[in-house]
Amino acid sequence: MTTFADLGVDQDIVDALSAKGIVDAFPIQEQTIPLGLPGQDIIGQAKTGTGKTFGFGIPVVQRLGADPAPGVKALIVVPTRELAVQVYEDMDMLTSNRSTSVVAIYGGKAYEGQIDQLKAGAQIVVGTPGRLIDLNNQRLLDLSHATEVVLDEADKMLDLGFLPDIEKIFSKVPAVRHTQLFSATMPGPIVALARRFMSNPIHIRATDPDEGLTQANIRHLVYRAHSLDKDEVIARILQAEGRGKTVIFTRTKRAAQKLVDELNDRGFNAGAVHGDMSQEARERSMAGFKAGKKDVLIATDVAARGIDVDDVTHVINHTIPDDEKTYLHRAGRTGRAGKTGIAVTFVDWEDLHKWALINRALEFGQPEPVETYSSSPHLYSDLDIPAGTKGRIATAPKTQAVRVQPEKAADAAAAAENDGQGTTRRRRRRRSGGSAERVGSTFEAAEAGAKPAGEQSAQADGERGAEGAGTHDGGGKEHHDGRPAPRRRRRRRGGAGGGAAPAGA
DNA sequence: AAAAAAG
């Protein structure tokens with residue numbers, strides 16, 4: 001294992017990291033830090049939860065020097081306020097043994113504290129575009145000496161919704177600068193666009209070509225859903241034995257609010273994060289979830305990217321996301337830093353085409369999702385969901401909240417099972433990671449986490465071979481992006497469920 | 001089309 005010290009990181013930063021128990025560098029860090037330190041422009045791509053923040057953050061801190069003069073010298077732009085808080089905390093930790101100070105600049109909060117910290121001479125700014133531009137317009141944020149610039153979740157920052165703001169921000173920073181763009185997903189066209197803001201970037205992909213596109217630590221389970229059953233099924237998943245924290249994603253703010261109310265009515269300890277909430281309430285939810293006071297977080301895609309919470313064991317897509325990038329980022333809230341996790345997705349009938357798209361783009365190679373709930377006892381089995389009374393929400397018993405402590409959870413699960421139909425045999429211990437034995441063939445078909453080694457890598461290697469594990473091409477010349485999304489032509493009309501079947505079926 | 005991001 002390579003340590004941060006091995007990579008040429010200053011001792012005080014190494015000390016700051018080791019105070020948090022962090023000594024060994026992850027692959028993306030191993031590859032980008034030695035290049036970032038001397039000022040190489042980098043497009044850094046690595047899977048969710050594999051340490052990208054330190055990959056760009058450490059070079060930023062070190063390049064400013066041990067005792068930089070007051071004033072903004074580094075700018076890190078992120079897509080959401082919660083991510084700004086999180087990256088701020090990471091940067092603050094990295095600078096804990098030196099005089100460099102960091103400030104988080106984002107909306108929904110009082111200006112005062114942020115302005116005070118800028119006036120006090122903060123050197124590193126982490127922020128969201130709106131407030132950054134706002135303060136820059138008010139001449140309270142001078143970006144003209146920000147020679148270190150980072151776009152975190154870079155593909156998101158460069159998509160249509162954000163691009164005008166990002167262009168504006170780039171027009172305010174020095175032309176001669178060090179620019180780093182990081183994300184788990186970097187579609188080819190975005191990479192091309194990104195070059196406009198960089199000089200001779202190296203595109204680093206810290207991925208093993210044999211691994212496939214998704215995190216090997218995450219098991220992916222997909223079910224066709226009946227909307228009336230969904231809340232009930234989700235409530236049962238939340239009783240899963242050994243469940244840690246769970247993040248549930250909805251498509252709309254309203255759906256998120258409805259679900260959090262429903263789950264709290266049922267006795268769960270859930271919080272929500274979405275754009276219709278006050279910033280204060282958003283931060284309360286996040287803090288409660290991180291601290292373990294709440295073990296369920298219901299969110300819109302505001303929380304899909306970057307958010308890093310320890311011990312999230314389950315991600316549930318209450319509604320399937322629109323594209324494979326969002327799917328990958330959402331699922332990536334679990335299975336972080338080498339841990340395992342489970343991603344469960346419910347696909348409504350009218351959304352089967354979205355599953356087809358994701359299935360294909362992420363090379364799951366799965367057939368149609370299996371029927372949910374009432375007709376599928378396998379669902380209970382594989383997720384360790386106590387199989388209670390079948391039926392719709394209206395007739396189902398209220399679910400009891402289950403504490404996260406394993407013993408109690410086991411008790412509650414056993415109790416719940418007694419109400420049910422004695423399906424003990426069906427329940428099995430969940431082993432994330434995909435190596436566990438399967439329950440039934442129907443279910444197997446929907447299980448996408450464990451891919452037979454080799455099966456899918458052969459064709460993928462053709463595309464990626466030259467890139468290899470950890471290779472990069474110098475001089476700003478790069479291979480075509482190739483991945484992740486081989487764009488499907490156009491979705492076919494009609495043929496109802498056929499969309500999810502593998503091509504040719 | 002939704003969500004996010006200034007107020």
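In the text below, chain A, chain B and the rest are named by the order of the sequence lines, each starting its count at 1.
- Atom P of nucleotide B:dA3 and atom CD1 of A:I298 are separated by 16 Å, given to the nearest angstrom.
- In this structure, the NZ atom of A:K156 is 10 Å from the P atom of B:dA5, given to the nearest Å.
- We find that CD1 of A:I105 is positioned 15 Å from C1' of B:dA5, with the value rounded to whole Å.
- We find the CD1-CG distance between A:I320 and A:L352 to be 8.0 Å, quoted to the nearest 0.5 Å.
- At the heavy-atom level, A:F249 lies nowhere under 4.0 Å from the strands shown.
- Side-chain atoms of A:T345 and A:H220 form no donor-acceptor pair, as typed in the model, at a separation below 3.5 Å.
- Of the candidate nucleotides B:dA6, B:dA4, B:dA3, B:dA4 has the atom nearest to the side chain of A:H274.
- Going from atom CG of A:D159 over to atom C1' of B:dA5 covers 12 Å, rounded to whole Å.
- Residue A:K253 is classed as a sugar-phosphate contact, given heavy-atom separations below 4.0 Å to backbone atoms only.
- Closest to the side chain of A:D322, from the set B:dA4, B:dA5, B:dA1, is B:dA1.
- Using a 3.5 Å distance cut-off with no hydrogens or angles, the side chains of A:N217 and A:T340 do not pair a donor with an acceptor.
- Residue A:D301 is out of contact with every strand shown, counting any heavy-atom pair closer than 4.0 Å.
- Side chain of A:Y106, nearest nucleotide from B:dA3, B:dA6, B:dA5: B:dA6.
- A:I316 is listed as a side-chain neighbour of A:I237, based on a closest heavy-atom distance under 4.5 Å.
- Nearest nucleotide to the A:R251 side chain, out of B:dA2, B:dA4, B:dA6: B:dA2.
- Across all strands, A:G107 comes closer than 4.0 Å only to sugar-phosphate atoms, never to a base (heavy-atom distances).
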